[in-house]
Amino acid sequence: RAGSIASKIPGPSQEHYGPESNQCSLHHFQVSFHQLGWDHWIIAPNLYTPNYCKGACSRVLRYGLNSPNHAIIQNLVNELVDQSVPQPACVPYKYVPISILLIEANGSILYKEYEDMIAQSCTCR
Amino acid sequence: MVGQPSTAPLAEAPTSPLIWELLEEAPGKQQKKPQVLGHPMRYMLELYQRSADARGHPRKNRTIGATMVRLVRPLVNVARPLRGPQHIQTLDFRLRPNQVTYQLVRAIVVYRHQLHLAGFHLSCHVEPWVQKSPTNHFSSSEISSSKPSLLSKAWTEMDITQHVQQRLWNHKRHGVLRLHFMCQQQKGSEGLELLWHGTSSLDTAFLLLYFNDTHKSVQKAKLLPGGLEELMERDSSLLLQRAR
């Protein structure tokens, strides 16, 4: 049964399995700090693009999703052993930082680099 | 809590490190945005523009040398005239307790070395304040360099990293760095006393503290080279064998 699933795994040269628009992928999304309620103390940047990951993690995880081995196993478990074990989810894989300039309550001005603030790519895990 | 924003989502994840930092640093939403104008704001805006692009991405070629820079403004002190042509303004910089996760890498005092007040030209410099010390001067080991500031020719930056680290940095409570901002008129002394009335709020100096984060998250390990994904590149039959 694993072999029947494995035979459907597309290689890097093959086309993606399923309609691409539904598959796990990175979505561009921009917010202002005003929308987050933080504009009274954040000076820069004006806009922030955290992005998000959304889409189906199909039973056959396509090449290039950077899914760990565990996700592949969990898919097999869900498919072949126990459906109460959930399928992997579409979540960020890599992040990049942003620099923020803000005013502290005592009037000090702070420049700070915050790690992992923007999703750069997605994975199923 | 003082400084806690009223935005509800922040309260839902109190254990998130980012949320705790933001709760500590953000002024309360009901407060007005603290007004910081003048040279300190201009300096930090220029620092930000040199270090990050318009979208906030840190520039790859940035030379800031730190992941966090705090500009500390002095507490307001009134200048007191001395005999002769010198005036001293006492500047107290309140320092937050040392956070273990941040290492101080540099401390710079930026001050006006040239001041023009009501037509008078003043030369100024900064000295440390040490209680009951006969000679209040930075020793040669405590300062490493002075150089013109990027703000303007009238401003100078002086590196006092060693001075701050030796005297103040390992404290667990709020500490105060006290400096003397000393000015003297270049020609004559008439009228100097009148000049300093109301100059307590004059934008004369500020402190820059550069930190590196010592508690960065460990870089995630790469996927095992012999993982299933690599095998899929070669032959699905190999995958079948592994599944068995």
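The chains referred to below are lettered A, B, ... by the order of the sequence lines, with proteins before strands, and numbering in each begins at 1. Only heavy atoms go into these numbers, but all of them, side chains included; no hydrogens, no water, no symmetry mates.
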Practice prompt. Kindly write out the residues that satisfy side-chain hydrogen bond (donor to acceptor under 3.5 Å, both in side chains) with A:Gln120, not counting sequence neighbours, or none if the list is empty.
Written response: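 Partners of A:Gln120 under the side-chain hydrogen bond (donor to acceptor under 3.5 Å, both in side chains) test: none.
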So how far is it from [X] [atom1] to [Y] [atom2], rounded to the nearest 0.5 Å?
X: B:Thr67; Y: A:Glu115; atom1: OG1; atom2: CD; value: 8.0 Å
X: A:Leu101; Y: B:Gln49; atom1: CG; atom2: CD; value: 9.5 Å
X: A:Ser108; Y: B:Phe206; atom1: OG; atom2: CZ; value: 12.0 Å
X: B:Arg55; Y: A:Ser99; atom1: CZ; atom2: OG; value: 12.5 Å

Item to complete: Go through B:Val72 and A:Ile109 one step at a time and tell me if the side chain to side chain contact (heavy atoms under 4.5 Å, CB included) criterion holds.
Response: CA-CA 7 Å; B:Val72 183; A:Ile109 309 172; over 6 Å; no
Worksheet item: Taking side chain as C-beta onward, heavy atoms only, is B:Met41 less than 4.5 Å from A:Ile103?
Response: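 A side-chain contact exists here, since the closest heavy-atom pair is under 4.5 Å.
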Discussion item. Do B:Arg70 and A:Lys112 make a side-chain contact, defined as non-hydrogen atoms from C-beta onward lying under 4.5 Å apart?
Written reply: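 Of all side-chain heavy-atom pairs linking A:Lys112 with B:Arg70, none is under 4.5 Å.
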Worksheet item: Who passes salt bridge (Lys or Arg N to Asp or Glu O under 4.0 Å) against B:Arg59, sequence neighbours left out?
Response: none
Discussion item. Is there a side chain to side chain contact (heavy atoms under 4.5 Å, CB included) between B:His57 and A:Met117? Walk through the geometry before answering.
Written reply: CA-CA 10 Å; B:His57 299 154; A:Met117 288 287 280; over 6 Å; no
Item to complete: Any chance you could lay out the side chain to side chain contact (heavy atoms under 4.5 Å, CB included) test for B:Met68 and A:Leu110, step after step, and finish with the verdict?
Response: CA-CA 7 Å; B:Met68 183 167 83; A:Leu110 189 69; 3.6 Å; yes
Worksheet entry | Region of A:Ile118 that comes under 4.5 Å of a non-hydrogen atom in chain B |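 Side chain only.
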Worksheet entry | Test log, rule side chain to side chain contact (heavy atoms under 4.5 Å, CB included), inputs A:Tyr111 and B:Ile64 | CA-CA 10 Å; A:Tyr111 165 92; B:Ile64 194 174; 3.5 Å; yes
Item to complete: Could you have a look at B:Ala54, B:Ala52, B:Pro58 and say which one has the most heavy-atom pairs with chain A under 4.5 angstrom?
Response: B:Pro58
Practice prompt. Step through the shown structure and confirm whether more than 12 heavy atoms of other residues, nucleotides or ligands are within 6.0 Å of NE2 on A:His70.
Written response: no
